[in-house]
Structures are given as structure tokens and as C-alpha cells.
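On a predicted model such as this, the values are computed, not experimentally measured, just so you know.
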Amino acid sequence: MKIQKNEKGNIAVFALGAEIRDMWQMMDRMAEAYYQGCFGLVVHKEDLPDGFFNLKNGVAGEILQKFSNYQMKIGIAGDFSAISSHALSCFISESNRGHSVFFLDSVDACVQKMIKAK
């Protein structure tokens with residue numbers, strides 16, 4: 001985990017390859033970021049649990065609800081241009097219009113969006 005400091009606070013950035021297998025590992029990452037004084041964290045799309053992008057199974061909802069409950073921002077960095085699911089595409093677009101969950105193409109884009117949303 002790398003901490004990016006900025007004028008609004010700290011954001012934890014997890015390296016590509018820091019795999020997250022389930023909600024509990026994501027909660028561990030959130031706690032680790034929180035204890036380092038971060039208001040948000042960035043993970044890579046490829047490191048999310050299997051099924052995260054299948055909205056029917058509830059994995060994404062379960063994980064992202066925790067971020068909302070604990071008022072922690074999350075950025076998910078990756079290429080989302082090839083998404084074929086209309087529901088998932090709408091979910092990503094709606095999330096990006098909000099203030100706590102962002103699906104963007106790069107770590108830097110996630111960090112900048114979090115700074116603007118704080």
C-alpha cells in the first residue's frame with residue numbers, strides 16, 4: 001500500500017496484484033487505509049473478487065455498501081470500455097456521478113476524483 005498525500009487528506013493506493021478474494025479482505029484493506037489516516041482507497045479492477053462485476057450475485061453491492069456505511073471512498077482503476085452488460089454500465093455511470101465510489105481508467109483519475117469529491 002502506498003499513501004498519496006494531498007490537500008484534502010490521504011488516499012491509500014494498493015498495487016496491482018494485491019488480490020482481494022472476498023468482502024473480508026476488502027474490509028481489511030479499508031481498515032488498513034483508515035488506520036493510516038486515509039479517507040479513501042484505490043484498488044485495481046483485476047484484483048477484485050471473482051463475480052464482482054456480476055451484479056446479480058450481490059458481491060459488488062455487499063462490498064460497496066461497506067464503503068458507504070463507513071464513509072470511505074473507493075476508486076476502482078481499470079478499463080471499463082468493453083463492458084457488455086447494460087445494467088453494469090449504468091451502475092458504473094451512476095457511481096461515477098456520486099461522491100464515494102468511482103470506476104475510472106487509472107489510479108491518478110481515481111485519486112483526482114476522490115479529491116474533488118471530498
CG of Asp50: more than 12 outside heavy atoms within 6.0 angstrom?
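Counting neighbours around CG of Asp50, 12 or fewer heavy atoms of other residues, nucleotides or ligands fall under 6.0 Å, so no.
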
Specify the closest pair of heavy atoms between [X] and [Y], including all atoms of both residues, with the distance to one decimal.
{"X": "Ala109", "Y": "Leu104", "result": "O-CD1, 3.4 Å"}
{"X": "Gly9", "Y": "Asn6", "result": "O-ND2, 2.8 Å"}
{"X": "Ala18", "Y": "Phe14", "result": "CB-CB, 4.4 Å"}
{"X": "Ile63", "Y": "Pro49", "result": "CD1-CG, 3.9 Å"}
{"X": "Met30", "Y": "Met72", "result": "O-CE, 3.7 Å"}
{"X": "Ala12", "Y": "Cys38", "result": "N-SG, 3.6 Å"}

Hey, does Leu16 have a side-chain heavy atom less than 4.5 Å from the side chain of Glu46?
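Side-chain contact under 4.5 Å: yes.
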
Does the side chain of Lys5 reach to within under 4.5 Å of the side chain of Ile11, using non-hydrogen atoms?
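No, too far: nothing below the 4.5 Å cut-off.
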
hydrophobic_cluster_shared for [Y] and [X], side chain cutoff 4.5 Å:
{"X": "Ile92", "Y": "Val111", "result": "no"}
{"X": "Phe102", "Y": "Phe91", "result": "no"}
{"X": "Phe67", "Y": "Val43", "result": "yes"}
{"X": "Val59", "Y": "Leu41", "result": "yes"}
{"X": "Ile74", "Y": "Ile115", "result": "no"}

Using only heavy-atom distances, determine whether the side chains of Asp108 and Gln112 contain a donor-acceptor pair under 3.5 Å.
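Asp108 vs Gln112: no donor-acceptor pair found between side chains.
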
Working note: Arg29 + Ile20, criterion side chain to side chain contact (heavy atoms under 4.5 Å, CB included); need CA distance, chi angles, decisive distance, verdict.
CA-CA 9 Å; Arg29 299 272 163 77; Ile20 301 161; 2.7 Å; yes

For Met26 and Leu48, what are the C-alpha separation, side-chain angles and deciding distance, and is it a side chain to side chain contact (heavy atoms under 4.5 Å, CB included)?
CA-CA 9 Å; Met26 183 61 90; Leu48 292 172; 3.7 Å; yes

[X] [atom1] to [Y] [atom2] distance, which is reported to the nearest 0.5 Å:
{"X": "Gln25", "Y": "Glu32", "atom1": "CD", "atom2": "CD", "result": "11.5 Å"}
{"X": "Gln4", "Y": "Met114", "atom1": "CD", "atom2": "CE", "result": "9.5 Å"}
{"X": "Lys113", "Y": "Ser106", "atom1": "NZ", "atom2": "OG", "result": "12.5 Å"}

Side-chain (Asp47) to main-chain (Gly17) donor-acceptor, under 3.5 angstrom
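Yes; judged by distance alone, with no hydrogens or angles, the pair exists.
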
For Gly51, does its backbone N or O pair with a side-chain atom of Asn57 as donor and acceptor, under 3.5 Å?
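Yes, the answer is positive, given that a donor and an acceptor are paired below the 3.5 Å cut-off.
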
Start with the C-alpha gap between Val13 and Met1, add the side-chain angles, then the distance that decides, and say whether side chain to side chain contact (heavy atoms under 4.5 Å, CB included) holds.
CA-CA 6 Å; Val13 177; Met1 176 179 75; over 6 Å; no

Specify whether Phe52 and Phe103 have parallel, tilted or perpendicular ring planes, treating 30° as the upper limit for parallel and 60° as the lower limit for perpendicular.
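Plane angle between 30° and 60°, so tilted.
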
Please step through side chain to side chain contact (heavy atoms under 4.5 Å, CB included) for the pair Ser85 and Leu55, ending with a clear verdict.
CA-CA 10 Å; Ser85 165; Leu55 297 180; 5.6 Å; no

Cation over ring face, Lys118 and Phe39, 6.0 Å, 45°
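Ring-cation test returns yes.
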
